[in-house]
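The structure under discussion appears below in the form of structure tokens.
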Amino acid sequence: MPTTVLRAAQVVRGVLTLKDFLDEAEVARVEEVLVRCAREADFQVNEREYGRGRVPDDVECKRVVGHDSKGREILRAMELGTLKHEVAFACVARELGEDFTDHLTREPRYRREPVTGAYSLTQTLSGSLRPDIVLHLVHDADRIQFLYDFFFPCTSGSKSNPLGAENKNLLEKLGKYRLLAEESRRALVTPQLGISR
């Protein structure tokens, strides 16, 4: 092959490599949409469930609304969080789905490979890690660029400090994500604070 053809191929391959991950502006756009979707979901569900301009108080947030298959209590805050996640996911799909389909995955599951020790995509539910939104190498969700979890605080304490001690389970969950991405590449998305790292 002529040298000029080889050099041209190397240049093209280099350009493609640069676009394998999203650039800063694209990541900023994604994060802006994630925050907007979190706020939209919080507003819509609160309006639907409680009426115009109303939000649940701490007593309502802590009200037991049922039990899961293992007999653990399901609080109203958890139920509202589930409803708000669905609205936020629909918003993300509507706002980003077409432009970022090769780089964005909703709720992928990752599990540690016993042989290599590396985490990779899995269909296994037990013991897997499942962030809400993952930005990744084009067509390769195993190569994570950033990961995000939506969180919809319900009580006044959790709204003012989403990363506080009141949200112990959330902090444990975010801590486990260190196995998937370094701290600067993991974020919590809340309607109140936007992106928190």
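Please read all numbers here as calculations on a predicted model, not as lab measurements.
A continuous path of Ile, Leu, Val, Met, Phe, Trp and Tyr side chains, each step under 4.5 Å between heavy atoms, connects Leu96 with Ile195, placing both in one hydrophobic cluster. Residues Val92 and Val27 share a hydrophobic cluster, clusters being chains of Ile/Leu/Val/Met/Phe/Trp/Tyr side chains in contact below 4.5 Å. Residues Leu75 and Val59 do not share a hydrophobic cluster, defined by chaining ILVMFWY side chains whose heavy atoms lie under 4.5 Å apart.
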- Task: Report the C-alpha distance between Arg29 and Asp99 in whole Å, list the side-chain angles of each, state the deciding distance to 0.1 Å, and finish with yes or no for side-chain contact (heavy atoms from CB on, under 4.5 Å).
- Result: CA-CA 11 Å; Arg29 178 176 167 215; Asp99 294 337; 2.9 Å; yes
- Task: Determine, stepwise, if the pair Arg106 / Glu86 fulfils salt bridge (Lys or Arg N to Asp or Glu O under 4.0 Å).
- Result: CA-CA 11 Å; Arg106 171 186 162 178; Glu86 289 307 315; 3.4 Å; yes
- Do Arg76 and Glu79 pass the salt bridge (Lys or Arg N to Asp or Glu O under 4.0 Å) test, and can you show the C-alpha distance, the side-chain angles, and the key distance before you say yes or no? CA-CA 5 Å; Arg76 181 64 169 151; Glu79 187 176 60; 2.5 Å; yes
- Task: Tell me, with the steps shown, if Phe89 and Ile133 meet side-chain contact (heavy atoms from CB on, under 4.5 Å).
- Result: CA-CA 9 Å; Phe89 287 143; Ile133 301 289; 4.1 Å; yes
- Task: Kindly determine whether Tyr50 and Leu80 satisfy side-chain contact (heavy atoms from CB on, under 4.5 Å), including the steps that lead there.
- Result: CA-CA 11 Å; Tyr50 298 102; Leu80 290 170; 3.6 Å; yes
- Using the side-chain contact (heavy atoms from CB on, under 4.5 Å) rule, take Glu95 and Arg36 through it: C-alpha gap first, then chi angles, then the decisive distance, then the call. CA-CA 10 Å; Glu95 298 288 326; Arg36 192 169 62 243; 3.2 Å; yes
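Side-chain contact check for Lys84 versus Val87: every heavy-atom pair is 4.5 Å or farther apart. Side-chain contact between Val55 and Lys159: present, with at least one pair of heavy atoms (C-beta onward) separated by less than 4.5 Å.
For the atom pair NE2 of His139 and CG of Leu137, the computed distance is 9.5 Å after rounding to the nearest 0.5 Å. Taking CZ of Arg39 as the start and CG of Leu34 as the end, the distance is 11.5 Å to the nearest 0.5 Å. Considering CG of Leu104 and NE2 of His136, their distance stands at 6.5 Å, rounded to 0.5 Å. Interatomic distance, CD of Gln145 versus CG of Leu135, reported as 6.0 Å (0.5 Å rounding). To the nearest 0.5 Å, the span separating NE2 on His103 from CG on Leu22 amounts to 4.5 Å. Rounding to the nearest 0.5 Å places CG of Leu179 at 7.5 Å from CZ of Arg112.
Side chain of Glu26 to main chain of Asp23: a donor-acceptor pair is present (N/O by atom type, distance under 3.5 Å, no hydrogens or angles). For the pair Tyr110 (side chain) and Ala141 (backbone), a donor-acceptor distance under 3.5 Å is present. In this structure a side-chain-to-backbone donor-acceptor pair under 3.5 Å is present from Arg111 to Ser126. Under the 3.5 Å distance criterion, the side-chain polar atoms of Ser158 are matched with a main-chain donor or acceptor of Thr155. In this structure a side-chain-to-backbone donor-acceptor pair under 3.5 Å is missing from Asp42 to Ala38. With Thr105 contributing its side chain and Pro108 its backbone, the two residues share no donor-acceptor pair below 3.5 Å. With hydrogens and angles ignored, the 3.5 Å screen pairs a side-chain donor or acceptor of Arg197 with a backbone N or O of Ser184. Side-chain atoms of Asp142 come within 3.5 Å of backbone N or O of Leu121 as a donor-acceptor pair. Counting only distance, with no hydrogens or angles, the side chain of Thr116 and the backbone of Ala118 share a donor-acceptor pair below 3.5 Å. For Arg130 (side chain) and Glu107 (main-chain N/O), no donor-acceptor pair under 3.5 Å exists by modelled atom type.
A donor and an acceptor atom, one from each side chain of Ser128 and Arg109, are located under 3.5 Å apart. Looking only at atom types and distance, the side chain of Ser156 has a donor-acceptor partner in the side chain of Asp58 under 3.5 Å away.
Between Glu60 and Arg63, at least one side-chain N (NZ, or NE/NH1/NH2) sits under 4.0 Å from a carboxylate O, which counts as a salt bridge. A salt bridge is absent between Arg54 and Glu49: the closest approach of a Lys/Arg side-chain nitrogen to an acidic carboxylate oxygen does not fall below 4.0 angstrom. Arg143 has no carboxylate O lying under 4.0 Å from a charged side-chain N of Asp20, or vice versa, which leaves the two without a salt bridge. Ionic pairing of Arg178 and Glu182 is not present here: no N-O contact between side-chain nitrogen and carboxylate oxygen is shorter than 4.0 angstrom.
Scanning both residues, Arg185 and Phe146, for their nearest heavy atoms gives NH1-CZ, 3.1 Å. Taking all atoms of both residues into account, the shortest heavy-atom contact from Ser160 to Gly157 is OG-O, 3.1 Å.
For Phe100, the CZ atom counts as densely surrounded, since its 6.0 Å shell holds more than 12 non-hydrogen atoms of other residues, nucleotides or ligands. Within 6.0 Å of CD on Glu183 lie no more than 12 heavy atoms contributed by other residues, nucleotides or ligands.
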Residues 147-154, side-chain donor-acceptor partners within the protein, below 3.5 Å, at least two apart:
{"from": "Tyr148", "atom 1": "OH", "to": "Glu31", "atom 2": "OE2", "distance (Å)": "2.7"}
{"from": "Asp149", "atom 1": "OD1", "to": "Asp132", "atom 2": "N", "distance (Å)": "2.8"}
{"from": "Asp149", "atom 1": "OD2", "to": "Lys173", "atom 2": "NZ", "distance (Å)": "2.9"}
{"from": "Asp149", "atom 1": "OD2", "to": "Tyr177", "atom 2": "OH", "distance (Å)": "3.4"}

